[in-house]
Amino acid sequence: MKIVNIVGARPNFMKIAPIMEAYRSVPELTPILVHTGQHYDERMSDLFFRQLGIPRPDINLGVGSGSHATQTAEIMKAFERVVLEEEPDALLVVGDVNSTIACGLVAVKLGVPLIHVEAGLRSGDRSMPEEINRILTDAITDLFFCTEQGAIDNLVREGHDPSRIHFVGNVMIDTLLKNLDRARQSTILDDLSLDERGYAVLTLHRPSNVDNHATLTGLLDSVEEIQRDLPVVFPIHPRTRARLAENGLGARMEAMPGLRVIDPVGYLDFLRILAGARVVLTDSGGIQEETTILKVPCLTLRENTERPITVQAGSNQIVGTCPERILQAYRSLPADSGSTCGTPPLWDGSAATRIVRIIADTYCPGSAEAEPAAASKPS
Ligand code: UD1
Ligand code: UDP
């Protein structure tokens with residue numbers, strides 16, 4: 001069975017890495033890796049392939065940046081040629097980025113079944129481009145792999161066939177658990193003169209936060225306060241760097257002595273930074289999950305989350321973007337706030353193994369290698 005796998009943007013790389021590795025133990029499945037080129041800077045793409053041992057993509061569409069319509073359309077045009085040429089038996093997509101929906105749509109229109117890893121997550125906020133991508137991708141998905149029970153409930157509520165929905169755990173956490181020891185060898189804390197538990201981490205890239213001048217200014221107000229109390233390290237996403245420059249906010253940040261603005265860092269350094277932090281402030285999806293496993297308190301700078309299990313586990317608080325609320329949450333953090341966090345079910349490092357076995361069971365029944373997978377069916 002020939003299965004094409006899509007990556008495009010930074011969070012896709014951590015998700016595909018364990019899946020590409022797991023294919024090696026299922027010879028019935030022949031994977032092909034396609035990079036759309038949605039992210040292309042060395043520090044947003046190639047660095048992750050090297051650090052995570054992801055095979056070089058068989059095909060790179062080289063699409064790059066653009067408006068939503070342009071980027072989605074360019075990926076679709078380029079990827080249609082790939083599907084026609086390769087004639088895959090299935091397409092596997094991860095997450096919720098434009099590459100996910102663009103390639104999924106091309107495949108199903110050509111009669112290729114679609115497999116979605118991290119299916120069913122819903123923020124309930126349709127102003128988020130990712131929420132549109134999630135809803136549309138799941139509407140055309142044939143086989144769903146879910147990270148948490150809430151995602152299964154969403155899919156069942158939307159009318160999807162429960163026999164196609166599988167609770168497998170979290171591939172992003174497979175990558176975290178596999179690389180944590182390597183990450184602990186990173187020298188990044190020394191390089192940045194940061195002490196264990198003696199700093200905060202900030203990441204921002206959601207358009208609702210960084211493309212809106214008033215919101216971005218309010219977020220900087222809260223960062224200004226926090227950096228007076230605790231050093232804040234801010235690996236800056238290219239979208240955010242561009243917006244800060246356009247808005248003339250760079251000088252304001254430079255005047256904050258406790259704020260360390262750095263380029264995006266590779267996965268191992270970032271994992272080290274996260275693991276040693278006293279608190280993480282972020283609007284990222286994946287970082288809400290990683291902090292849950294690392295038991296580091298996370299203040300999510302959004303009004304909602306598509307990952308409610310991270311809140312239930314006790315590590316994550318949804319604090320919005322109002323400076324007063326962010327500062328109140330920051331000041332109320334108990335000294336040992338991470339230590340009592342729970343671990344979400346099946347976030348155990350084996351999600352990718354379950355996924356490839358279920359794919360083989362579903363599309364290559366009777367295969368000798370396709371042992372029954374220890375994943376749960378929705379109740
Ligand atoms: C995308 C995803 C978002 C994900 C994020 C992860 C969509 C709709 N958005 O957002 O869900 O959370 O990636 O990081 O798919 N740029 C560079 N170099 C790069 C990549 C981007 O300079 O390698 C700049 C370009 O100016 C570009 C902007 O960043 O226009 C935004 O990139 P884009 O991929 O469109 O969206 P992200 O904000 O990165
Ligand atoms: N990450 C990284 N370097 C950075 C910032 C983030 O390696 O400088 C990793 C982070 O650990 C997580 C992923 O990138 O694995 C999250 O990507 P991002 O926040 O861009 O996207 P989202 O998860 O919000 O879609």
Side-chain angles (χ1 to χ4, degrees), residues 6-17 35-49 51-52 62-72 74-75 93-103 118 121 123 127-134 136-137 170-176 179-180 183 186 188 201-211 233-243 245-246 261-275 277 280 282-291 293-294 296 298 300-302 305-307 310:
I6 302 298
V7 288
R10 177 168 66 186
N12 298 162
F13 308 133
M14 301 78 191
K15 294 171 193 173
I16 211 69
H35 191 332
T36 64
Q38 178 174 343
H39 285 178
Y40 43 84
D41 287 349
E42 156 71 17
R43 282 168 170 262
M44 294 296 288
S45 178
D46 287 8
L47 182 53
F48 297 95
F49 281 77
Q51 289 198 338
L52 301 177
V63 166
S65 304
S67 69
H68 282 276
T70 302
Q71 188 176 60
T72 307
E74 292 300 329
I75 295 170
V93 293
V94 297
D96 55 15
V97 302
N98 283 348
S99 301
T100 308
I101 178 60
C103 294
E118 206 184 71
L121 296 181
S123 67
S127 70
M128 257 185 117
E130 295 81 4
E131 182 75 350
I132 305 299
N133 293 341
R134 294 178 197 118
L136 295 182
T137 303
N170 191 326
V171 284
M172 195 162 227
I173 301 307
D174 290 5
T175 295
L176 184 154
N179 288 286
L180 196 51
S186 156
I188 186 92
V201 181
L202 172 69
T203 83
L204 291 173
H205 70 275
R206 295 256 100 85
S208 59
N209 282 344
V210 304
D211 293 358
V233 58
F234 183 18
I236 195 163
H237 188 284
R239 169 190 287 276
T240 311
R241 188 180 281 288
R243 294 302 170 270
E246 285 162 22
V261 180
I262 58 175
D263 283 334
V265 295
Y267 183 75
L268 297 173
D269 284 343
F270 193 72
L271 197 50
R272 180 70 192 97
I273 291 175
L274 277 188
V280 174
T282 189
D283 59 12
S284 161
I287 294 171
Q288 294 174 57
E289 298 182 336
E290 292 168 338
T291 46
I293 295 300
L294 295 169
V296 172
C298 177
T300 294
L301 307 173
R302 290 171 43 191
T305 182
E306 60 290 331
R307 295 165 159 89
T310 60

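Numbering of ligands and ligand atoms starts at 1, following listing order. Note that the numbering runs from 1 along the sequence shown for the chain.
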Peer 1: Under the rule for salt bridge (Lys or Arg N to Asp or Glu O under 4.0 Å), what residues qualify as partners of Arg10, not counting sequence neighbours?
Peer 2: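 Arg10 satisfies salt bridge (Lys or Arg N to Asp or Glu O under 4.0 Å) with no residue once adjacent residues are dropped.
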Peer 1: Could you measure the distance from the NE2 atom of His205 to the CD1 atom of Ile236? Nearest 0.5 Å is fine.
Peer 2: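 If we round to the nearest 0.5 Å, His205:NE2 and Ile236:CD1 are 12.5 Å apart.
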Peer 1: For ligand 2, which is the ligand I care about here, please tell me if Met172 has any N or O atom under 3.5 Å from one of the ligand's N or O atoms.
Peer 2: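 In this structure, Met172 places no N or O atom under 3.5 Å from an N or O of ligand 2.
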Peer 1: Specify the protein heavy atom at minimum distance from atom 11 (O) of ligand 2: its residue, its atom name, and the distance to 0.1 Å.
Peer 2: Glu290 OE1, 2.8 Å
Peer 1: Please compare Val233, Leu47, Val265, Ile273 and report which has the shortest non-hydrogen distance to atom 3 (N) of ligand 2.
Peer 2: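 Ranked by closest heavy atom to atom 3 (N) of ligand 2, first place is Val265.
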Peer 1: Quick check on contacts: which atoms of ligand 2 are under 4.0 angstrom from a heavy atom of Tyr267?
Peer 2: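 The atoms of ligand 2 under 4.0 Å from a heavy atom of Tyr267 are 7 (O), 15 (O).
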Peer 1: Please test Thr282 against Thr203 for side-chain hydrogen bond (donor to acceptor under 3.5 Å, both in side chains), starting from the C-alpha separation and ending with a verdict.
Peer 2: CA-CA 5 Å; Thr282 189; Thr203 83; 2.6 Å; yes
Peer 1: Show the atoms of ligand 2 that are less than 4.0 angstrom away from any heavy atom in Phe48.
Peer 2: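 Every atom of ligand 2 under 4.0 Å from some heavy atom of Phe48: 7 (O).
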Peer 1: Start with the C-alpha gap between Tyr40 and His35, add the side-chain angles, then the distance that decides, and say whether ring pair (Phe, Tyr, Trp, His ring centres under 6.0 Å) holds.
Peer 2: CA-CA 10 Å; Tyr40 43 84; His35 191 332; 9.3 Å; no
Peer 1: Give me the residue, atom name and distance of the protein heavy atom closest to atom 4 (C) of ligand 2.
Peer 2: Arg10 NH1, 3.3 Å
Peer 1: Of the side chain and backbone of His205, name the one, both, or neither that has a heavy atom under 4.0 Å from an atom of ligand 2.
Peer 2: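 Side chain only; the backbone of His205 stays clear of ligand 2.
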Peer 1: Starting from atom 13 (C) of ligand 2, find the nearest protein heavy-atom neighbour and note its residue, name and distance.
Peer 2: Met14 CE, 3.8 Å
Peer 1: Taking non-hydrogen atoms within less than 4.0 Å of ligand 1, which protein residues qualify?
Peer 2: Ala9, Pro11, Gln38, His39, Tyr40, Asp41, Met44, Ser65, His68, Gln71, Val97, Asn98, Glu130, His205, Arg206, His237, Pro238, Arg239
Peer 1: What do you reckon, does Asp283 have a nitrogen or oxygen under 3.5 Å from a nitrogen or oxygen of ligand 2?
Peer 2: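 N/O-N/O distance below 3.5 Å does not exist for this pair.
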Peer 1: Given that the side chain starts at C-beta and the backbone is N, CA, C, O, which of these parts of Ser284 lies under 4.0 Å from ligand 2, counting heavy atoms, or is it both or neither?
Peer 2: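 The part of Ser284 near ligand 2 is both the backbone and the side chain.
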Peer 1: Measuring from atom CG of Leu204 to atom CZ of Phe234, what distance do you get when rounded to the nearest 0.5 angstrom?
Peer 2: 4.5 Å
Peer 1: Rounded to the nearest 0.5 Å, what's the gap from NZ on Lys15 to CD1 on Ile173? Could you check?
Peer 2: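 Atom-to-atom, Lys15:NZ and Ile173:CD1 are 10.5 Å apart.
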Peer 1: Minimum heavy-atom separation for Ala277 and Val296, please, with both atom names.
Peer 2: O-CG1, 3.7 Å
Peer 1: For Ser127, is there any backbone N or O sitting under 3.5 Å from a side-chain donor or acceptor partner on Glu131?
Peer 2: no
Peer 1: What distance separates Gln288 CD from Ser284 OG, expressed to the nearest 0.5 Å?
Peer 2: 7.0 Å
Peer 1: Can Thr203 be said to touch ligand 2, with heavy atoms closer than 4.0 Å?
Peer 2: no
Peer 1: Under 3.5 Å, N or O to N or O, is Leu274 touching ligand 2 that way?
Peer 2: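 Checking ligand 2 against Leu274, no N or O pair falls under 3.5 Å apart.
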Peer 1: Can you find an N/O atom of Pro235 closer than 3.5 Å to an N/O atom of ligand 2?
Peer 2: no
Peer 1: Would you say Thr72's side chain and Asn98's backbone share a donor-acceptor pair under 3.5 angstrom?
Peer 2: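 Side chain of Thr72 to backbone of Asn98, a donor-acceptor pair under 3.5 Å: no, none is there.
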Peer 1: Can you confirm whether Val7 sits close enough to Ser99 that some side-chain heavy atom of one is under 4.5 Å from a side-chain heavy atom of the other?
Peer 2: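 No, every pair of side-chain atoms sits at 4.5 Å or beyond.
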Peer 1: For Arg43, state whether at least one heavy atom is located under 4.0 Å from any atom of ligand 2.
Peer 2: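 No, Arg43 has no heavy atom closer than 4.0 Å to ligand 2.
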Peer 1: Do ligand 2 and Asp96 have nitrogen or oxygen atoms that lie under 3.5 Å from each other?
Peer 2: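 So ligand 2 has no N or O lying under 3.5 Å from an N or O of Asp96.
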Peer 1: Looking only at protein heavy atoms, identify the closest one to atom 23 (O) of ligand 2 and say how far it is in Å.
Peer 2: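 Closest protein heavy atom to atom 23 (O) of ligand 2: Gly286 N, 2.8 Å.
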Peer 1: Within a distance under 4.0 Å of any heavy atom of Gly285, pick out the atoms of ligand 2 and give their elements.
Peer 2: 22 (P), 23 (O), 24 (O)
Peer 1: Could you tell me the residue and atom name of the protein heavy atom closest to atom 25 (O) of ligand 2, and the distance to it rounded to 0.1 Å?
Peer 2: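 Going atom by atom, the protein heavy atom closest to atom 25 (O) of ligand 2 ends up being Pro11 CG, 3.3 Å.
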Peer 1: Take every heavy atom of Arg206, measure it against each atom of ligand 2, and state whether any distance is under 4.0 Å.
Peer 2: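 Yes, that is the case, since the closest heavy atom of the residue is under 4.0 Å from the ligand.
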